[in-house]
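If you read the sequence from its start, that first residue is 1, and numbering goes on from there. Keep in mind it's a predicted model, so treat the numbers as computed, not measured.
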Amino acid sequence: PTGQDFVSMDWIRGKGTEWDDKSDHSVWNLQGIAEIKLTPDPLISGNSIYAIVDGPSWKEAEANSNKLGGHLITINNAEENTLIANFFKDKNPSGDINYLGNNDPGLSNLYWIGYTDQDNEGTWTWISGESSDYSNWTAYTPGGNGDYGEIQLTQYGNYIPGNGGTWQALPGAPWNDDYNTVPEGRHGISETPIIRRGDSAYVIVEGPTWEEAEANANRLGGHLVTINDAEENQWLVETFPNQTTWYTYWIGLNDDEEEG
């Protein structure tokens, strides 16, 4: 260490890798390796981890999903739709802002998903690039209300869409179409691919600083990676080889609170 507070794993220093201490400065423009324990919370299913991301617009929610190494969620079948609905129901109790400009707890169960027809009106595709024949629109959607999909986890009444008429969502977590910047705003549900090892899942998250990379790891329910032995260090070298511009990743080691 040379007196800097944050540690990276560097591929370009000699043979293999070495750890290097750096200042937490965006000049490095680094990504980080996040480690999340395979526990019931956060939600991990198959080779994906799911999390709530901020909006309020669809595009901002997608950008925030990218920072976590993924995209807004791709829903492949009814089982996944139900899994997401059951897990995220009431996970955002603060609600969002409704058309009247008021905080509305009823909207806390309405989230952006990765379905969009922004490139070709009427042709809905997943922003992740994945293909799926599954959809769960209501009987009256998509209705030309916007280019971006949302999932409604619970029934929500007294809602008046732009074409008039009060309606309630049907049970079963249906989807609606809406505009990118709706007056009431939204959060989104992100999906990030993971790599499993033992009781942990690993993900590349965006920085550029150590603190921003750690914050993105926290949003997935984890931290920047803790490397416990040479075997784990070598596994990381082989699993994430030279995938960044600087050939360097932030890891969880730091002496920010107490120098040395």
Task: Parallel, tilted or perpendicular: ring planes of Y115 versus W175, cut at 30 and 60 degrees - done: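 If you compare the ring of Y115 with that of W175, the planes turn out perpendicular.
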So, do [X] and [Y] sit near enough that their side-chain heavy atoms are less than 4.5 Å apart?
X    : Y    : result
D147 : E121 : yes
I52  : Y111 : yes
L43  : I49  : no
P174 : W137 : no
V53  : R219 : no
I127 : W58  : yes
I227 : N233 : yes
Y50  : I44  : no

Can you give me the closest heavy-atom contact between [X] and [Y], atom names plus distance?
X    : Y    : result
W250 : A213 : CD1-CB, 4.0 Å
G122 : D117 : N-OD2, 2.8 Å
T248 : L30  : CG2-CD1, 3.8 Å
L68  : S190 : CD1-OG, 3.8 Å
S132 : W126 : CB-NE1, 3.7 Å
G70  : P193 : CA-CD, 4.3 Å

TODO: Report yes or no: does E60 contribute a side-chain atom to a donor-acceptor pair with the main-chain N or O of S57 at less than 3.5 Å?
DONE: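 A pair under 3.5 Å: yes.
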TODO: Ignoring hydrogens and angles, tell me if any N or O in the side chain of N77 forms a donor-acceptor pair with the backbone of E80 under 3.5 Å.
DONE: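 Such a contact is found between N77 side chain and E80 backbone.
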Nearest 0.5 angstrom please: [X] [atom1] to [Y] [atom2], how far?
X    : Y    : atom1 : atom2 : answer
S65  : I113 : OG    : CD1   : 12.0 Å
N64  : E206 : CG    : CD    : 11.5 Å
I194 : L38  : CD1   : CG    : 6.0 Å
I251 : L236 : CD1   : CG    : 8.5 Å
I84  : E191 : CD1   : CD    : 7.5 Å

Open item on the list: Applying side-chain contact (heavy atoms from CB on, under 4.5 Å) to N86 and T82, what does each step give before you reach the verdict?
Closed with: CA-CA 6 Å; N86 290 341; T82 300; 3.4 Å; yes
Cut-off 3.5 Å, side chains only: do [X] and [Y] have a donor facing an acceptor?
X    : Y    : answer
Y148 : Q118 : yes
E62  : H71  : yes
E211 : T209 : no

Do any side-chain atoms of residues 196-203 form donor-acceptor pairs under 3.5 angstrom with protein atoms, and if so which ones, sequence neighbours left out?
residue	atom	partner	partner atom	Å
R196	NE	G46	O	3.1
R196	NH2	G46	O	2.5
S200	OG	E35	OE2	2.7
S200	OG	K37	NZ	3.1
Y202	OH	E232	OE2	2.8

TODO: Could you check I75, N136, N176, I73 and say which one makes a side chain to side chain contact (heavy atoms under 4.5 Å, CB included) with I151?
DONE: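 The passing option is I75.
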Task: Candidates F87, F88, W112 - the one meeting side chain to side chain contact (heavy atoms under 4.5 Å, CB included) with I189 - done: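 In the set F87, F88, W112, the residue that makes a side chain to side chain contact (heavy atoms under 4.5 Å, CB included) with I189 is F88.
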TODO: Carefully, step by step, assess D177 and W124 under the rule side-chain contact (heavy atoms from CB on, under 4.5 Å).
DONE: CA-CA 10 Å; D177 54 331; W124 288 82; 3.7 Å; yes
- [ ] Take N218 and E214, measure what side-chain hydrogen bond (donor to acceptor under 3.5 Å, both in side chains) needs, and give me the verdict at the end.
- [x] CA-CA 6 Å; N218 295 166; E214 170 64 8; 3.0 Å; yes
- [ ] Applying side-chain contact (heavy atoms from CB on, under 4.5 Å), run through T192 and S48 and close with a yes or a no.
- [x] CA-CA 5 Å; T192 302; S48 294; over 6 Å; no
Open item on the list: Does E130 form a side-chain contact (heavy atoms from CB on, under 4.5 Å) with N76? I'd like the steps, not just the answer.
Closed with: CA-CA 9 Å; E130 297 177 63; N76 294 285; 4.2 Å; yes
